[in-house]
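Only this structure's heavy atoms are used, side chains among them; waters, hydrogens and symmetry mates stay out. Proteins get letters first, then strands, A, B, ... in listed order; numbering begins at 1 in each.
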Amino acid sequence: ETITVATVNNGDMIRMQGLMDDFYAKHPDIEVEWVTLEENVLRQRVTQDVATKGGQFDVMTIGTYEVPIWGERGWLVSLNDLPESYDVDDLLPAIRDGLTVDGELYAAPFYGESSMVMYRTDLMEKAGLEMPDAPTWAFIKEAAAAMTDKDNEVYGICLRGKAGWGENMAFLSAMANSYGARWFDMDWQPQFNTEAWANTLNDYLELMTNYGPPGASGNGFNENLALFQTGKCGMWIDATVAASFVTNPNDSQVADSVGFAQAPDNGLGPRGNWLWAWNLGIPAGTQKVDAAKAFVEWATSKDYTALVASKEGWANVPPGTRQSLYENPEYQAVPFAKMTLESILSADPKHPTVDEVPYVGVQFVAIPEFQGIGTAVGQQFSAALAGQMSAEQALDNAQKLTEREMMKAGYIK
Amino acid sequence: MATKHSRMSARLMISPAVLLLLGWMLIPLSMTLYFSFLRYNLLMPGMEEFTGLTNYRFFLSDPAFFAALWNTIALVVGVLVVTVIGGILLALLLDQPFFGQGIVHILVIAPFFVMPTVSALVWKNMFMNPVNGLFAHAAKALGLQPFDFLSSAPLASIIGIVSWQWLPFATLILLTALQSLDQEQLEAAEMDGAPWIKRFWYIMLPHLARAITVVILIQTIFLLSVFAEILVTTNGGPGTASTNLTYLIYMQSLLQFDVGGGSAGGVVAIILANIVAIFLMRMIGKNLDA
Amino acid sequence: MARSVSTRRKLITTVFAWAIGIAIFFPILWTILTSFKTEAAAIADPPVWFNFHWTLDNYATVQERSNYFRHFMNSVIISGGSTLLGLIIAVPAAWSMAFVPAKRTKDVLMWMLSTKMLPPVGVLVPIYLLFRDLGLLDTRIGLVIVLTLINLPIIVWMLYTYFKEIPGEILEAARMDGASLRSEIIHVLTPMAIPGMASTVLLNIILAWNEAFWTLNLTAAKAAPLTAFIASYSSPEGLFYAKLSAASTMAIAPILIMGWFSQKQLVRGLTFGAVK
Amino acid sequence: MGRITLDKVRKAFGDIEVIPPLDLTIEDGEFVVFVGPSGCGKSTLLRLIAGLEDVSGGQIRIDREDATNLPPAKRGLAMVFQSYALYPHMSVRKNIAFPMKMAGLPQDEQERRIEGAAKALNLTDYLDRKPGQLSGGQRQRVAIGRAIVREPAAFLFDEPLSNLDAALRVGMRLEISELHKRLATTMVYVTHDQVEAMTMADKIVVLRAGNIEQVGSPLELYNRPRNVFVAGFIGSPKMNLITGAEAAKHGATTIGIRPEHLVISTEGGAWKGEIGVSEHLGSDTFFHVTVNGFEAPLTVRASGEVSLSYGDTVWLTPNEANLHRFDAEGLRIA
Amino acid sequence: MGRITLDKVRKAFGDIEVIPPLDLTIEDGEFVVFVGPSGCGKSTLLRLIAGLEDVSGGQIRIDREDATNLPPAKRGLAMVFQSYALYPHMSVRKNIAFPMKMAGLPQDEQERRIEGAAKALNLTDYLDRKPGQLSGGQRQRVAIGRAIVREPAAFLFDEPLSNLDAALRVGMRLEISELHKRLATTMVYVTHDQVEAMTMADKIVVLRAGNIEQVGSPLELYNRPRNVFVAGFIGSPKMNLITGAEAAKHGATTIGIRPEHLVISTEGGAWKGEIGVSEHLGSDTFFHVTVNGFEAPLTVRASGEVSLSYGDTVWLTPNEANLHRFDAEGLRIA
Ligand SMILES: Nc1ncnc2c1ncn2[C@@H]1O[C@H](COP(=O)(O)OP(=O)(O)OP(=O)(O)O)[C@@H](O)[C@H]1O
Ligand SMILES: Nc1ncnc2c1ncn2[C@@H]1O[C@H](COP(=O)(O)OP(=O)(O)OP(=O)(O)O)[C@@H](O)[C@H]1O
Ligand SMILES: [Mg+2]
Ligand SMILES: [Mg+2]
């Protein structure tokens with residue numbers, strides 16, 4: 001039997017493709033075809049396929065944003081019947097909750113992530129500062145100023161700027177949470193016209209224009225990773241998974257001088273970190289449920305973690321999904337393990353920000369319309385970063401277009 | 001040629017092509033048209049309902065629509081201007097005798113074979129990247145501030161990339177046309193006392209008119225639907241600075257999965273494309289018959 | 001203008017032409033060079049030209065990640081198949097337009113071309129639904145059909161312009177000689193149009209090979225051509241210039257080589273009737 | 001056998017009637033030449049016979065059988081085109097073999113006929129060349145070879161020599177004449193070169209705007225043109241046509257006299273005139289003489305070299321026996 | 001003024017010497033025709049004079065001034081090309097105006113000259129058409145018009161009539177002759193049609209492989225060809241050339257006699273022969289007569305209609321006064 005697996009082209013997924021011999025040894029009758037795509041393309045392709053019941057894929061890599069929506073629509077096969085040995089209860093509750101709708105687990109987490117501050121210990125030292133475990137935004141600003149040395153192409157801070165709900169808006173939404181801003185009030189009225197959003201965006205723009213790298217409006221996770229790895233960033237606030245890349249001496253020129261801290265806050269309660277997981281789900285249309293399940297089970301099992309550890313070392317195992325991993329003493333030796341776990345635990349999708357919100361999701365709003373709105377808003381903020389418009393104008397546009405879309409979708413009259 | 005028999009066979013033989021294209025056009029088009037009147041989001045199945053012109057109202061009142069319209073025109077016209085003028089100059093150069101003509105032809109034609117995705121990736125990362133790109137290196141070597149092409153001048157950068165891909169095509173057609181110019185006409189003009197520049201203006205350029213029309217027609221067809229280059233380099237941004245109609249519809253229907261809105265956009269784009277088509281056909285029809 | 005061009009002028013032209021030729025080719029050259037570098041050398045500033053440590057690692061990595069050969073074969077089959085199918089449909093159509101022109105021939109031709117102006121994104125969802133119902137998703141045959149249809153107008157137009165250059169008298173001679181319509185097309189028209197057909201075929205293969213929208217959206221694994229292969233590199237992680245270059249080189253090399261070898265035919269035919 | 005009969009054949013392209021109903025019989029073995037000014041319908045008529053155009057009315061019979069609706073291939077005719085219409089991708093041998101291949105003749109019979117035709121047309125050495133490697137005259141011969149091997153009931157030629165240069169034209173003209181003598185097959189030949197018409201034809205058909213103006217042997221047409229049009233069309237240089245008072249003297253609206261039937265003299269004669277341009281060919285001299293009271297200058301032929309120059313006064317005397325007289329409708333007065 | 005002198009002019013393309021050093025003087029107002037077989041260098045010579053090719057050696061003087069290195073536009077010559085070389089996108093008026101526009105002539109002067117040329121060439125009704133809408137003859141006239149308005153020191157024509165059909169050619173030939181009479185400007189005219197050469201030239205230059213074989217007036221060349229080549233080249237139909245025993249009888253290696261200088265008789269004469277193909281033109285009849293012992297059949301011209309037919313035995317008698325004798329080198333024996 002051949003199953004087709006759609007995955008995102010990130011390092012953990014690619015690594016898995018290299019370890020398939022183990023799977024084939026255990027399931028000699030199953031053949032796996034990979035479709036590896038860039039995140040946005042992947043999302044478009046699988047959504048289109050699942051929504052139209054195209055049946056092209058048997059296993060899909062999907063994010064925490066999609067799972068509840070799709071699960072609710074009955075588009076995914078329930079994974080409640082995974083065998084005992086899988087140990088569902090070992091999954092981190094924060095992650096598992098996000099994948100469960102009405103008691104049915106609709107996807108198995110492959111890795112989970114939050115966001116945190118990664119910084120250069122050497123530069124920090126040179127600047128005469130010390131990074132606390134839980135910094136504030138004010139400190140980040142101070143540190144960024146101190147570390148920036150544009151003549152030598154060292155930029156104090158690298159942040160996402162590329163437009164997209166999963167790109168710059170992931171960061172900005174999380175940051176906004178720590179500023180007390182929110183996407184919608186309880187009547188689904190967009191909130192970009194609030195003081196809190198204005199502060200968020202102004203601070204972001206100030207950080208980036210003064211201490212950020214050139215071309216930041218086109219930088220996403222990957223671009224920033226490349227910058228950080230080549231020693232061009234003093235600090236980088238991004239996904240916790242990046243930690244294993246920046247500390248990998250094969251790829252990173254700064255591997256031995258990276259420190260980690262929790263995402264900053266403003267003393268209002270929420271920190272500016274998000275919660276995300278890439279999960280494996282099985283679309284309801286597939287004819288090959290058993291084979292697909294076998295694969296999902298294998299890929300998200302403890303054994304797989306052990307397999308990676310044995311082949312590539314503990315630093316490279318997919319993080320953020322299982323309690324047991326963080327209890328493993330070998331893993332605890334990994335420098336970023338603790339900070340990752342803390343970050344994940346500190347995010348609360350049900351209460352992401354200071355005020356009450358009608359939606360679930362830290363750095364996204366779990367409604368179908370959000371992809372479009374988030375991307376369109378992201379474009380406005382990206383344009384502001386590129387200097388094509390002012391912050392006020394960007395916020396104004398964001399407010400208007402969000403109102404428009406919400407009106408069209410019928411949330412508000 | 002014109003016997004009844006041959007006319008009948010002609011009709012028979014053209015019909016597969018016509019029927020297939022008709023099907024290819026009408027079936028999806030009517031579906032698109034139908035969808036455009038629905039409130040239809042892929043993510044919310046079962047909620048399709050007739051909404052009349054709502055989708056059109058939203059699409060046409062979207063500020064991004066006008067930006068996209070303008071960007072589409074700028075992109076098409078920009079690339080046409082660059083490739084036609086560049087193509088003429090290049091064709092004039094390549095028409096001269098020089099050593100290694102064959103190899104230079106090969107070098108010049110090469111971009112035409114490159115996939116749009118690849119060329120966009122290569123240009124974006126290895127040349128236009130403001131930190132690690134070659135242009136940035138060059139600027140720094142000259143003591144200049146690296147220019148951030150894709151965020152400061154996104155549309156122009158895309159025009160540049162697309163022009164690079166289409167320049168060979170224009171050059172080749174124009175070169176062939178130039179070589180087909182009757183040498184005696186040039187000699188006659190020379191005898192008539194026309195210096196080179198006037199020979200170019202009065203003899204060569206009019207001779208190239210047909211070829212230029214063809215270049216414009218073919219390129220316009222492809223340029224109206226430029227997509228991969230935008231997706232890869234700027235994602236239509238910053239803001240909507242490099243969003244063209246194709247990309248805008250893509251965002252509507254495939255990022256937001258708003259099939260209804262996307263279909264309305266598609267219908268609008270089809271109408272606009274047909275306006276362009278009619279305009280072009282007029283031009284080409286006139287020029288090709290002459 | 002058969003006056004001898006002075007050697008000096010020829011030398012100057014040579015320098016100019018080569019400079020511009022190399023400039024135009026440079027991005028490709030640079031990509032190929034970079035594909036043999038280490039990631040560190042790939043972003044070195046100042047750039048390294050030739051004196052770097054040449055390595056094939058990137059190719060190995062890329063091959064490890066994706067099955068290049070299968071994508072390659074899909075590309076070959078899809079572009080070749082759509083070209084062949086396109087020719088089979090277009091030759092008769094072009095024949096009738098060129099040799100039995102009716103009042104509306106020109107309009108039909110223009111209409112065919114105008115179908116190419118339809119924005120593909122506008123009709124993706126309907127086509128996707130159709131393909132799903134017909135079981136054509138992720139099949140080569142499905143892509144062959146789509147690419148045939150989108151390139152058909154160009155094929156018809158190109159063939160039409162070549163056929164028009166063939167004197168009608170020759171076909172009449174064949175008819176007098178007792179050739180049926182079929183033998184007229186097979187024995188007389190087609191061989192005479194070989195140069196034109198060759199460039200039509202080449203152009204169509206190039207267009208089909210590089211078509212990235214439909215090939216990406218209608219395939220998953222089995223039928224995915226090289227455009228899908230490259231799509232997984234559009235934003236990989238970390239330092240990736242060298243790997244990206246290797247993947248790019250692998251994706252464009254086949255068509256580049258084919259294009260170079262057949263450059264003459266391609267160029268000769270690539271005029272769309274613009275040159276009489 | 002190759003008797004071709006056109007019975008009230010007419011042809012219209014859309015609304016324009018190019019050939020009004022027309023009757024013509026071409027006897028078996030005859031060499032018939034169609035001449036006429038450009039656009040008069042010569043090619044159209046030939047193509048109607050060939051079946052390359054549908055008739056708009058009337059009937060075409062070949063050997064008594066109705067061929068009006070037969071496709072070209074079934075009529076048993078062979079055509080030689082002005083552009084030769086050789087298949088450029090086939091060798092000479094294949095070109096010649098093509099009609100036989102289409103007819104499904106056995107291989108050895110094909111070989112035999114190719115050899116025969118090649119020998120007759122002096123093509124044996126070129127059988128394996130492509131048409132592109134042949135000279136114009138050779139190509140023309142291949143086209144004829146392709147026609148011969150079909151052993152057709154009749155040959156149709158549409159200006160077969162007009163793409164050749166003058167010298168070759170003379171040679172090919174002789175060759176086609178000889179071929180006709182040898183094969184004795186019906187030949188229908190279109191030309192606008194009236195030297196070809198005069199030297200090759202058994203029967204000339206003069207067309208004007210789709211109408212037959214006169215049918216007859218070359219010398220009949222030369223000696224007794226039925227009307228002014230034929231008189232002016234046949235003969236080179238053209239017949240001098242004189243209207244007005246001088247014509248009236250002879251009881252006609254128009255009189256005609258050929259250049260070779262005028263006697264030139266410096267002493268005296270019928271018409272006094274003045275020498276304009278003179279053309280010295282060595283063998284002959286043509287004088288263009290302006291005669292008072294005549295509209296156009298008269299062309300006069302003098303054999304050999306005659307030393308008269310621009311502006312000299314001369315007298316011209318028409319040879320009464322060769323004077324042609326035409327009435328107001330342009331018809332010959334017997 | 002238009003006196004053109006070529007002084008040891010030679011031309012080589014690469015290693016191939018197309019024109020060996022050659023001297024030639026063309027007097028002001030003369031009509032000089034270059035004739036010769038294809039590829040002999042006629043066009044090359046004309047283009048050297050025009051300045052469209054660089055000479056490989058020697059000097060070209062126009063009106064005593066050294067023009068060897070002048071660009072074409074500065075030589076004050078106008079050229080009419082075989083292909084007409086009209087500018088297809090310009091109207092007739094613009095075509096004719098083009099050289100004046102380049103020279104920066106005032107608008108009204110341009111208008112005046114265009115009117116003049118159009119009237120002279122009968123183009124007034126066509127001034128606003130594009131060349132594509134004109135017939136061959138009209139196009140040729142436009143090309144001439146474009147040359148005239150420049151009021152050049154000399155006109156250069158490269159086979160200007162060879163793309164026209166026979167009838168038009170005769171007409172245009174006369175028109176160009178008349179133009180020359182009227183303008184009295186030097187004209188250099190290339191052709192391979194020797195009727196044109198004979199009728200138009202003041203002076204004919206016969207070229208073979210880049211060498212001048214003979215220069216002289218048409219009748220000089222007709223009556224006293226300097227060698228066998230010129231003898232065979234000038235005259236139509238060609239001179240009959242006889243070698244062998246019969247020539248030896250006249251003390252020559254080759255003797256030549258023109259068709260019009262042979263007398264045909266059914267009773268008796270010098271050479272006995274048999275009639276082959278005969279061509280009846282009405283005005284003349286040409287017989288091809290096979291004479292025993294002669295290599296090739298002789299062509300004989302008989303005026304008017306003579307009733308002799310295929311296979312008849314006849315006797316031919318050469319007109320002794322018109323017999324040409326050539327030695328072993330092919331040179332004329334005086
Ligand atoms: N396919 C056609 N459609 C419309 N009119 C046509 C067509 N073919 C020929 N004609 C017209 O019919 C008339 C006769 O044409 P035809 O070719 O028979 O003349 P022709 O005597 O052969 O002339 P030429 O000596 O120039 O070859 C012309 O007026 C021509 O314009
Ligand atoms: N540009 C050139 N390069 C090389 N050889 C040339 C060139 N132009 C002409 N020739 C050669 O020079 C010779 C004379 O050519 P030219 O065109 O002068 O002949 P021509 O007498 O005009 O012949 P035709 O009657 O065919 O026009 C020919 O052998 C030709 O091949
Ligand atoms: Mg005709
Ligand atoms: Mg020549």
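For chain C, the nearby part of B:Leu224 is the side chain; its heavy atoms alone come within less than 4.5 Å. Neither the backbone nor the side chain of B:Leu175 has a heavy atom closer than 4.5 Å to any heavy atom of chain C. Both the backbone and the side chain of B:Ala17 come within contact range of chain C, judged by heavy atoms closer than 4.5 Å. Only the side chain of B:Phe222 comes within less than 4.5 Å of a heavy atom in chain C; its backbone stays farther off. Neither the backbone nor the side chain of B:Leu231 comes within less than 4.5 Å of any heavy atom of chain C. For B:Leu22, the parts sitting under 4.5 Å from any heavy atom of chain C are the backbone and the side chain alike. Only the side chain of B:Leu90 has a heavy atom closer than 4.5 Å to any heavy atom of chain C. Looking at B:Val18, both its backbone and its side chain come within 4.5 Å of chain C, counting heavy atoms on both sides. For a residue to count as touching a neighbouring chain, one of its non-hydrogen atoms must lie under 4.5 Å from one of that chain's; by this rule B:Val108 touches chain C with backbone and side chain alike. If you measure heavy-atom distances from B:Leu20 to chain C, the contacts under 4.5 Å come from both the backbone and the side chain.
In this structure a side-chain-to-backbone donor-acceptor pair under 3.5 Å is present from C:Asn210 to B:Phe113. Not a single donor-acceptor pair under 3.5 Å links the side chain of C:Trp95 to the backbone N or O of B:Met13. The backbone N or O of B:Phe99 lies less than 3.5 Å from a partner atom in the side chain of C:Thr14, making a donor-acceptor pair. C:Trp18 places no side-chain N or O within 3.5 Å of a backbone atom of B:Val104 that could act as its donor or acceptor partner. No donor-acceptor pair closer than 3.5 Å links the side chain of C:Tyr241 to the backbone N or O of B:Met126.
Across C:Ser96 and B:Ile14, no two heavy atoms sit closer than the pair OG-CB, 3.5 Å.
Remark: C:Leu113 CG to B:Leu217 CG distance equals 6.0 Å, nearest 0.5 Å. With rounding to the nearest 0.5 angstrom, the CD1 atom of B:Ile221 is 5.0 Å from the CD1 atom of C:Ile154.
For B:Phe169, the ring-ring contact (aromatic ring centres under 6.0 Å, His included) partners at least two apart in sequence or on another chain are B:Phe112, B:Trp166.
Within the 4.5 Å cutoff, the side chain of B:Leu134 has heavy atoms near those of the C:Phe26 side chain. When side chains are defined from C-beta on, C:Thr13 does not count as touching B:Pro97, because their heavy atoms never get closer than 4.5 Å.
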